[in-house]
Structure formats: structure tokens, C-alpha cells
Enquirer: 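This is the structure I have questions about; it appears just below.
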Amino acid sequence: MLDIQQLRNDLDALVARLAARKFTFPAEEFKALEARRKTIQTNTENLQAKRNAASKQIGIAKSKGEDASAILAEVAGLGDALKAAEAELNEVQASILVLMQNVPNLPHDSVPVGLDETQNVEVRRWGNPRQFDFAVKDHADVGAPMGLDFDTGAKLSGARFTFMKGQIAKLHRAIAQLMLDTQTEKHGYTECYTPYMVNRETLVGTGQLPKFEEDLFSTPHNDSKLYLIPTSEVTLTNTVRDEIVALENLPIKLTAHTPCFRSEAGSYGRDTKGMIRQHQFDKVEMVQIVHPENSYAALEEMVGHAEAILQALELPYRVVSLCTGDMGFGAAKTYDLEVWLPAQNTYREISSVSNCEAFQARRLQARFRNANGKPELLHTLNGSGLAVGRTLVAVLENNQQADGSVTIPKALQPYMGGKTVLSL
RNA sequence: GGUGAGCUGGCCGAGUGGUCGAAGGCACUUCCCUGCUAAGGAAGCAUAUGGGCUUAAACCUGUAUCGAGGGUUCGAAUCCCUCGCUCACCGCCA
């Protein structure tokens with residue numbers, strides 16, 4: 001959520017910055033709501049003040065044993081007017097909140113301006129795509145004889161589900177293990193195990209709700225709903241909801257390996273083959289909760305933490321700075337890591353690292369006490385370190401051999417019982 | 001699922017209808033004293049939001065907030081209802 005004060009004070013500038021990310025801020029509606037709010041709020045609070053003062057007088061009079069009926073008569077008529085005013089105020093404030101909750105974050109000044117993914121800016125490349133002297137297969141064809149089984153996934157659950165068995169299942173686990181061990185042992189993150197189902201408030205906190213309900217899976221629970229997490233960014237970041245963190249505990253660095261559940265509504269027909277786009281996929285997530293002054297340094301650091309995995313796996317990739325039009329709802333700045341997929345002859349997203357600045361923290365009321373002792377909003381960052389399924393795809397495609405086998409990257413061999421190759 | 005007890009400021013904890021946004025303690029900030037890895041004294045110290053004022057901060061002031069929502073009342077931390085959560089015991093259970 002944006003700072004409403006900033007909107008009031010500097011509306012035109014913010015509208016322009018939001019336009020850069022293809023968001024049309026309803027400025028007229030906002031101004032009208034604000035004008036109404038001001039009138040109603042003043043009126044309501046005046047009535048409340050009147051009532052409070054009178055009630056206090058009644059209390060004083062009664063404690064002295066005096067007759068309070070005169071004052072009582074005076075406030076008698078207030079009740080209905082006050083109730084109506086309060087109801088109206090609630091309604092306007094709720095409308096303003098809904099409006100605010102649907103406004104995306106402001107892009108940082110360093111974010112390239114652009115309309116869509118074609119205008120993202122490549123920052124650097126690492127590694128050279130391998131030259132193949134045979135016809136490359138995609139991961140689905142490479143993995144099929146080894147236990148990568150889309151038919152069984154479809155039988156059990158439908159499209160966009162994968163069943164893995166044998167050495168593919170083990171490789172998948174090995175990849176996750178390597179990621180988790182690297183982030184905890186080398187990069188200082190604390191390993192977490194989190195719920196996979198969360199309540200509505202949690203998703204509002206990180207910005208998935210109320211705007212993106214259709215992207216989530218949910219299930220009825222009591223009189224309400226629980227939602228399957230679309231990423232453990234949700235659970236890790238919400239650990240600081242309604243907290244005031246001590247300065248000396250910053251930065252907070254958390255990681256978790258969890259499944260992620262996404263309805264992929266609106267992506268029909270895209271990436272239909274293979275396990276690029278699934279309703280359920282595993283991800284090792286990194287979250288940092290930091291002092292505002294440090295958030296951009298943390299962003300660069302986290303990109304490095306994600307890159308370290310790709311480098312350990314010897315997978316060629318590039319780092320891309322997303323343009324204003326391609327960034328996610330809560331991000332002020334995002335880098336994507338794109339891994340080379342030889343079968344697609346292109347780089348594909350495998351990690352996304354974002355600085356949300358105070359956008360999530362404001363919703364979460366996640367704060368720290370600054371040098372003056374005043375609570376101040378934290379900055380939150382999240383990034384994949386990395387998507388496990390897509391990493392499996394990249395390993396299979398980049399390391400395939402002419403005979404159909406797949407060499408196992410050195411970094412994964414300890415997790416595969418010393419095995420160096422997946423054979424048919 | 002059943003029964004019982006709880007949920008108060010950064011933390012602990014008092015407060016069962018009226019000068020309560022809330023005693024006391026801890027922590028923190030400033031000052032004083034002391035001169036030593038400590039103790040004592042004084043003051044300040046919840047959050048959000050509106051308005052005044054303002055470059056801003058500070059300050060003044062209104063309102064709301066004592067798990068959440070609703071109700072009773074001129075007035076609710078306090079009474080009533082619903083829900084959530086925590087703890088204990090019982091039942092069931094991977």
C-alpha cells in the first residue's frame with residue numbers, strides 16, 4: 001500500500017509515476033472520496049467530542065452526588081445523528097481502503113521505463129550456452145524415460161501437475177537441498193518450515209489479496225477460507241506482521257523450501273508442455289526484512305545469492321532489470337534471473353528478486369524503532385533462490401547427452417549419493 | 001469434539017460501568033548524583049488518524065484503539081452476544 005499522506009500531498013507526481021507501470025490511478029475518485037471523508041470525519045469527531053465531554057460531566061456530577069438530568073437531556077438527541085455519522089464515515093474509509101489496496105507500488109527511479117517484458121534491460125550474462133552436436137530434446141523428452149511423468153500427474157490431478165519418480169524425484173530433492181544448504185550455510189539465512197495454507201489477512205499483508213484472488217487456490221475452513229500459498233514469501237514476510245522489531249535484530253534473513261500453488265488463471269495455452277508452468281511447484285525462497293537505508297544494497301546482495309546457485313550448477317543465465325510495465329504489484333524494483341534453456345533456444349525466468357520497500361510493511365504494520373525511538377516502517381525483500389522445478393528443467397536440458405543420459409552437475413553429486421550421471 | 005482459565009502499552013502486569021489511554025515494574029531516552037565494570041534520584045516514554053501550525057520536526061488539539069466484530073448505556077478495558085487465538089485437562093488421531 002502506498003502512503004496516503006504522500007498521495008494527498010503530491011497526487012499528480014504519483015499518478016505520473018504509476019502511469020509508467022500502466023496503472024491508471026483513479027485521481028478524481030480519490031479526490032472526491034477524500035473530500036467527503038474530510039467533511040464527514042470532522043462532523044463525526046465533533047459529535048463524538050460533544051458526547052464525550054457531556055458524559056464526563058455526568059460522571060463528575062454523579063460522583064459528587066449532584067443531579068445530572070440537565071446534561072443528560074442535552075445529549076439525548078445526539079445518539080441517532082452520531083450513529084449515522086459513524087456509519088457514513090466507516091463506509092467512506094472502507095472505500096478509500098479498497099482503493100488504496102488496489103494501487104501497485106511506485107517504481108524506483110532506477111527502474112527502466114517500458115511497457116512490457118520486451119523492454120526489460122539486460123544487466124549481465126554469466127556462462128556460455130553449450131554448443132550441441134546433436135538435436136537437443138526438451139526436458140520433458142529428456143526426463144520421460146527417467147521418471148518425469150506428466151501423464152500420471154494429469155491422471156491424478158489434471159493439467160499442470162507433474163508426477164516424478166525414481167532418479168528424477170531424487171534429483172529434484174537434491175536440487176532443493178543444495179539451494180537450502182547454500183542459502184543457510186553460505187548466505188546467512190535462517191531455515192524455516194512454514195504453513196502451506198494461510199488465512200486471508202496474511203495474503204492481504206503481502207499484497208496477493210484483495211486484488212489477485214483468482215490466482216490463488218483456496219479451501220473452505222470453518223466459516224471462512226484458507227488459501228494455499230503461492231510462494232513462501234507470504235509466510236516468511238508475514239512473520240513480522242504487527243511487530244516492532246528491535247534495531248539490533250536487523251536484518252532478518254529467512255529461507256524456506258515449500259511447494260507453491262498457483263491457479264495460473266489466464267495463462268491457458270502458455271507453456272503447456274513440460275513443467276515450466278505448474279499449479280504446484282517447489283521453490284526455495286529468500287526473504288530479507290531490513291532497515292530502509294539498506295534495502296537496495298540487500299536487493300543486489302540477494303540477486304547474488306540466487307546467482308550463486310546457478311553458478312554452482314554451471315547453468316548459463318542472464319540478469320534482467322524489469323521495466324516499469326513488467327513489474328509485479330508490490331515491487332519497487334525487480335531483477336529476474338533467466339536461465340538458458342537450449343530446447344527453447346532462449347533464456348527463461350528462474351528467479352525473481354524484488355525490493356518492496358515499505359509497500360508490504362505498511363500493510364503489515366511491520367516496523368522497527370528508529371534512532372529517535374519512533375516506530376518506522378521496515379523494508380521487505382523477497383526472491384527465489386531458486387524455483388526448484390525450473391532448475392530441474394534447466395539441469396536436464398543443459399546437461400543432456402547424445403545417448404539420452406544426463407550428467408549431474410558436481411555440486412549436486414554429493415546429494416545424489418556420488419552419482420555423476422542419470423542413465424536410461 | 002468437550003470442560004475450564006485467559007487475551008491490557010516494546011515486555012511484564014494492575015484495573016469489574018464514570019475525571020482510565022489505562023497504576024506499578026522492566027526496558028529505553030534525557031538530566032542530576034556518584035567515580036567505576038554497580039547503585040541511587042528526577043523527568044519523559046503506546047499506536048493510528050484528523051485538524052491547527054509547519055519546508056520539516058517539535059508542539060497544541062480532536063477522535064479511535066485494552067484479541068476481532070456486534071449489542072446495552074449519556075458513558076464500556078470493565079456488562080451481554082458471536083467469533084478467533086493461547087494455556088490446561090479429557091476424548092479422538094498421523
Side-chain angles (χ1 to χ4, degrees), chain A residues 1-10 13 30-31 33-101 193 195-205 209 220-227 235 238-250 252 289 291-292 358 361-378:
Chain A
M1 213 150 59
L2 299 184
D3 182 0
I4 195 162
Q5 297 287 5
Q6 215 183 336
L7 269 172
R8 286 176 190 143
N9 295 335
D10 206 8
F30 177 76
K31 280 193 234 172
L33 279 171
E34 271 288 287
R36 259 188 83 201
R37 191 216 91 233
K38 237 179 210 184
T39 315
I40 297 166
Q41 183 163 345
T42 309
N43 178 39
T44 307
E45 292 186 353
N46 284 342
L47 287 172
Q48 286 171 328
K50 207 185 267 183
R51 179 205 59 197
N52 290 348
S55 294
K56 199 167 222 174
Q57 289 308 310
I58 294 168
I60 293 170
K62 290 214 166 165
S63 71
K64 289 180 183 160
E66 293 167 5
D67 175 33
S69 55
I71 316 170
L72 268 167
E74 203 176 299
V75 264
L78 264 178
D80 287 343
L82 189 54
K83 228 170 219 175
E86 283 174 345
E88 200 180 359
L89 182 61
N90 281 341
E91 182 229 313
V92 181
Q93 285 181 329
S95 302
I96 292 175
L97 180 65
V98 167
L99 189 152
M100 292 297 292
Q101 281 179 335
Y193 173 87
Y196 301 157
M197 302 169 89
V198 296
N199 57 34
R200 184 179 172 82
E201 200 184 354
T202 299
L203 287 155
V204 169
L209 291 180
H221 178 64
N222 295 338
D223 291 329
S224 172
K225 264 185 189 181
L226 284 178
Y227 296 83
T235 45
N238 269 277
T239 55
V240 290
R241 186 170 83 214
D242 295 322
E243 299 282 334
I244 297 181
V245 180
L247 201 54
E248 62 266 27
N249 292 335
L250 297 177
I252 296 172
I289 293 150
H291 191 287
R362 188 169 293 111
R363 293 169 168 239
L364 293 163
Q365 282 301 299
R367 295 167 294 173
F368 69 101
R369 238 171 242 291
N370 65 21
N372 298 323
K374 289 289 166 202
E376 193 180 323
L377 294 172
L378 289 157

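All chains are named by letter (A, B, ...) in the order of the sequence lines, taking the proteins before the strands, and each is independently numbered beginning at 1.
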Enquirer: With a non-hydrogen cut-off below 4.0 angstrom, is A/Arg367 in contact with a base, only sugar-phosphate, or nothing?
Expert: sugar-phosphate
Enquirer: Which part of the nucleic acid, if any, lies within contact of A/Gln5, taking any heavy atom under 4.0 Å across all strands shown: a base, the sugar-phosphate backbone alone, or nothing?
Expert: sugar-phosphate
Enquirer: What is the nucleic acid contact for A/Asn52, judged by heavy atoms within less than 4.0 Å: base, sugar-phosphate only, or nothing?
Expert: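 Sugar-phosphate, backbone atoms only, no base.
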Enquirer: Could you tell me whether A/Ala49 contacts a base, only the sugar-phosphate backbone, or nothing, with contacts defined as non-hydrogen atoms closer than 4.0 Å?
Expert: sugar-phosphate
Enquirer: When the C1' atoms of B/rC31 and B/rC87 are compared, how many Å lie between them, rounded to an integer?
Expert: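 Pairwise C1' distance, B/rC87 against B/rC31, rounds to 44 Å.
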Enquirer: Take atom P in B/rA27 and the same atom in B/rU19, then report the distance between them in whole Å.
Expert: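 Rounded to whole Å, the distance is 31 Å.
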Enquirer: Is it true that A/Glu34 and A/Arg37 make a salt bridge, defined as a side-chain N closer than 4.0 Å to a carboxylate O?
Expert: yes
Enquirer: In whole Å, what is the span from the CG atom of A/Asp242 to the C1' atom of B/rU47?
Expert: 11 Å
Enquirer: Could you tell me whether A/Ile244 contacts a base, only the sugar-phosphate backbone, or nothing, with contacts defined as non-hydrogen atoms closer than 4.0 Å?
Expert: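 If one applies the 4.0 Å heavy-atom cut-off, A/Ile244 turns out to touch the sugar-phosphate alone, with no base involved.
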Enquirer: When rounded to the nearest Å, what value does the distance between C1' atoms of B/rG91 and B/rG4 take?
Expert: 15 Å
Enquirer: Classify A/Lys56 by what it touches in the nucleic acid, base, sugar-phosphate, or nothing, heavy-atom distance under 4.0 Å.
Expert: sugar-phosphate
Enquirer: For atom C1', what is the distance between B/rG44 and B/rU54, given to the nearest Å?
Expert: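 The same atom, C1', in both gives a distance of 24 Å.
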